[in-house]
Amino acid sequence: MATTSATQAPIAHHTANLGSISSHGPQSPIAHRAKHTLPTAHVPNRSAHYDTSLSIPVRKYLQTYGLTPPRAESYEIQKKRCLAQLALKSTDIERFLYLSTLRYNNVHLFYRLLTDHFTELTPLVYTPTVGEACQRWSEIYQQPEGMYLSFEDRGHLSNIIQNWPQAHVEITVVTDGSRILGLGDLGVGGMGIPIGKLALYTGCAGIRPEGTLPLTVDLGTGNKALLEDPLYMGSRREKVTAEEEKEFLDELMAALKDRWPDIVIQFEDWKNPFPSLERYRHDYAMFNDDIQGTGAVIMGGIIGAVKQSGVAPKDHRAVFLGSGSAGVGVAKQIVDYFVKEGLTEEEAKNCFWLVDSKGLVTSDRGDKLADHKIYFSRTDNKGEQYKTLDDVIEYVKPTIIMGLSTIGGAFTPEILQKMGKWNDRPIIFPLSNPSSKSECTFEEAISNTDGRALFASGSPFHPVTYNGKQYHPGQGNNMYVFPGIGLGTILCKAVQVTSNMIYASGEALPTMITEEEKDLALLYPGITRIRDVSARVALYVIRAAQKDNVDRLHSLRDMDDATLEEWIKDKMYDPHKETEELENELRDIVQDLSVSSPRL
């Protein structure tokens with residue numbers, strides 16, 4: 001049976017969530033036996049056992065007989081009903097709520113739908129719809145998913161974490177809600193991000209849903225509107241100090257590892273993510289997707305774009321609009337790529353010009369630069385300060401422009417036309433989410449560069465027809481790498497997520513682009529192949545972990561790449577197989593009982 005936990009027995013996946021539900025139908029001896037041997041239920045995942053595709057004998061075994069309509073349905077019938085119900089919803093937030101309820105009530109059916117209709121459903125499960133859900137979280141809240149740990153809980157975090165019912169958590173996504181997407185401080189409303197992100201870990205990389213833990217830490221909020229909102233469900237306190245946050249996180253990290261020693265911890269949407277990354281990355285299997293995942297996935301796209309541009313890495317000039325954690329993380333990953341292409345680190349670093357709200361980031365600008373900006377601050381500006389993006393563009397004449405600013409429309413037609421004038425194949429990456437905050441649209445990039453732009457965005461855009469030719473956009477979505485980073489780290493039991501493992505995740509992406517996709521000048525593989533992409537990413541991550549000697553499952557070192565990739569795929573959760581596997585498990589139990597108790 002496919003599982004990401006090599007030590008879990010197959011039947012445990014299905015019995016670990018059973019409780020003493022009183023069935024109102026006839027009980028078989030198998031069900032009676034299960035009643036006395038199965039541990040306490042976890043209600044959200046118990047929903048897997050209310051799946052209407054299960055046969056009557058299995059329902060009796062699970063003690064859910066009589067709690068669902070009697071007919072055992074095919075998945076095709078289930079899908080038809082679900083898609084019809086989804087079509088009745090008039091807004092995306094209603095569709096988000098419907099899918100959330102489905103995940104809560106029938107987890108395997110939810111993931112069958114997600115994997116079969118990935119392109120259509122992902123925008124409803126995660127970005128862009130999750131942004132509105134987070135903004136309205138206290139208004140639309142319906143059911144418990146994940147854990148909320150408050151600053152008032154400090155000193156007791158280990159005890160509270162024991163309340164989580166699942167014994168085998170493999171990965172958690174942690175946020176404090178302080179910088180949700182491009183929407184700012186949303187407090188506990190940020191919980192939509194860990195829930196949605198972990199749904200993608202399961203859908204994309206086959207990490208079992210019961211092995212995931214969405215986690216929001218409530219450290220207060222600086223959002224005055226939330227504090228004054230009577231519906232707001234978080235604590236009514238201002239944001240804690242940096243020192244208080246550090247002490248809280250020290251306790252939290254220790255508590256998580258104490259209960260689940262192999263847990264992978266991903267930080268997400270923190271206003272200042274650098275301190276926690278530097279503090280914990282060497283002692284825990286942790287990474288920050290905003291910094292490292294974003295950097296890796298964009299580096300993967302840049303590898304293809306640089307090759308298609310025909311310009312050598314040393315001759316590229318990249319202007320970044322946005323010099324926050326994501327922008328610096330992306331730039332540093334591309335520096336690593338340029339270094340691997342033969343540049344010195346100093347030569348690679350000098351290919352980048354970062355722009356923030358005050359203009360070009362320089363060492364002599366007169367203000368105190370944030371620590372993470374110092375690495376890329378320019379010293380060759382000869383005292384001249386460039387205060388607008390237009391000024392910087394004219395000064396640098398870049399080959400690459402990259403937007404991580406959340407300023408919609410910042411790449412104006414004039415800027416795009418200049419990029420087309422200066423470059424045969426200008427590289428244009430507007431990466432901000434949601435689409436309303438994208439620095440330009442795909443259509444604008446194509447029409448203002450005569451169809452020559454090498455394009456990738458953070459938000460999805462539709463294909464564009466220009467001068468009779470159809471162009472297809474690339475989307476540099478983190479989901480290309482973070483699921484595989486998590487899966488690879490889990491499977492090889494890595495004790496750290498090293499920089500080389502992150503780099504390897506981005507390096508894997510170009511290897512998955514088909515010849516047809518290359519002919520269309522696409523920079524990323526088709527999203528419909530995301531599970532295969534995640535398996536390839538996991539392979540590269542495991543190999544990097546082995547080189548860095550942070551892996552603990554050394555038997556994987558003896559496998560060649562093809563064998564290891566197939567092994568990875570075999571370990572991935574497949575929601576389409578759950579009903580059949582449970583039927584087979586029950587059949588095996590019946591046979592075992594028949595041998596040991598012939599009269600039964």
Side-chain angles (χ1 to χ4, degrees), residues 4 170-171 173 197-198 200-207 264-268 273 277 281 284-306 325-326 328-341 429 431 456 458 474-513 523-527 529-548 550-551 556 561 564-565 568-569 571-572:
T4 59
E170 296 174 316
I171 188 166
V173 173
K197 200 100 179 183
L198 287 165
L200 296 182
Y201 272 105
T202 297
C204 299
I207 295 173
V264 177
I265 303 169
Q266 188 224 297
F267 277 56
E268 182 78 15
L277 179 61
R281 64 186 302 182
Y284 298 89
M286 70 84 65
F287 69 104
N288 185 298
D289 188 54
D290 299 309
I291 301 172
Q292 297 168 291
T294 302
V297 76
I298 301 309
M299 183 206 70
I302 284 291
I303 291 174
V306 166
S325 59
V328 171
V330 169
K332 284 188 173 181
Q333 287 288 351
I334 301 173
V335 165
D336 289 345
Y337 163 57
F338 283 0
V339 168
K340 287 182 183 291
E341 291 296 300
F429 278 35
L431 299 176
Q475 186 183 358
N477 196 306
N478 289 26
M479 76 174 73
Y480 278 113
V481 295
F482 72 75
I485 294 171
L487 178 63
T489 304
I490 290 167
L491 289 178
C492 74
K493 297 186 179 296
V495 296
Q496 293 178 28
V497 181
T498 66
S499 296
N500 287 330
M501 292 164 68
I502 298 294
Y503 183 90
S505 71
E507 200 173 29
L509 297 183
T511 70
M512 290 299 294
I513 299 176
L523 303 178
Y524 293 96
I527 200 70
R529 293 186 288 115
I530 189 62
R531 285 176 70 89
D532 288 337
V533 172
S534 295
R536 178 67 56 82
V537 169
L539 167 67
Y540 273 58
V541 167
I542 290 172
R543 291 303 191 211
Q546 292 168 346
K547 289 179 181 178
D548 287 343
V550 296
D551 63 313
L556 303 186
D561 286 351
L564 179 55
E565 191 163 351
I568 291 167
K569 290 179 179 179
K571 294 296 181 184
M572 293 168 70

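Position 1 is the first residue of the sequence, and the numbers go up from there. Just so it is clear, the structure is predicted and the values come from calculations on it, not from any experiment.
- Annotation for Gly476 and Ile298: closest pair O-CD1, 3.8 Å, computed over non-hydrogen atoms.
- The side-chain heavy atoms of Val328 and Ile291, taken from C-beta on, include no pair separated by under 4.5 Å.
- Side-chain polar atoms of Arg281 and Thr498 form no donor-acceptor pair below 3.5 angstrom.
- Minimum heavy-atom separation, Thr202 to Arg531: O-NH1, 3.7 Å.
- Across Ile303, Val533, Leu523, a single residue satisfies side-chain contact (heavy atoms from CB on, under 4.5 Å) together with Leu509, and that is Val533.
- For the pair Gln292 and Leu277, the minimum side-chain heavy-atom distance is below 4.5 Å.
- The heavy-atom pair separating Gly484 from Val541 by the smallest distance is O-CG2, 4.3 Å.
- Of all non-hydrogen atoms in Ala285 and Ala494, the two that sit nearest each other are CB-O, 3.6 Å.
- Taking the side chain as every heavy atom from C-beta outward, Gln475 and Tyr524 never approach each other to under 4.5 Å.
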Under the side-chain contact (heavy atoms from CB on, under 4.5 Å) criterion, do Val550 and Met501 qualify, and how do the steps go? CA-CA 10 Å; Val550 296; Met501 292 164 68; 3.9 Å; yes
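- Inter-residue side-chain proximity for Asn288 and Glu268 is flagged as unmet; no heavy-atom pair is nearer than 4.5 Å.
- Atoms SG and NZ, from Cys204 and Lys197 in turn, are 10.5 Å apart once rounded to the nearest 0.5 Å.
- Within the 4.5 Å cutoff, no side-chain heavy atoms of Ile207 are placed close to those of Leu198.
- Remark: the Glu507 side chain and the Tyr337 side chain contain no N/O donor-acceptor pair separated by less than 3.5 Å.
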May I have the step-by-step check of side-chain contact (heavy atoms from CB on, under 4.5 Å) for Asp532 and Lys569, ending in yes or no? CA-CA 8 Å; Asp532 288 337; Lys569 290 179 179 179; 3.5 Å; yes
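- A 4.5 Å side-chain heavy-atom check between Thr489 and Phe287 finds every atom pair outside the cut-off.
- Contact check for Met299 versus Val330: no side-chain heavy atoms found under the 4.5 Å cut-off.
- When all heavy atoms are compared, the tightest approach of Leu487 to Ala205 is CD2-O, 3.4 Å.
- Judged by distance alone, with hydrogens and angles left aside, the side-chain atoms of Asn477 form a donor-acceptor pair with the main-chain N or O of Met479 at under 3.5 Å.
- Distance check, rounded to the nearest 0.5 Å: CG of Leu556 to CZ of Arg543 gives 8.0 Å.
- Note that NZ of Lys340 is 7.0 Å distant from CG of Asp336, once rounded to the nearest 0.5 Å.
- For the atom pair CZ (Arg536) and CG (Asp561), the distance works out to 8.5 Å, reported to the nearest 0.5 Å.
- Distance check, rounded to the nearest 0.5 Å: CE of Met572 to CG of Leu491 gives 9.0 Å.
- Distance check, rounded to the nearest 0.5 Å: OG1 of Thr294 to CG of Leu431 gives 8.5 Å.
- Residues Tyr480 and Pro525 form a side-chain contact, since some pair of their non-hydrogen atoms from C-beta on lies under 4.5 Å apart.
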Criterion side-chain contact (heavy atoms from CB on, under 4.5 Å) on Met286 and Val497, from CA distance to verdict: CA-CA 6 Å; Met286 70 84 65; Val497 181; 6.0 Å; no
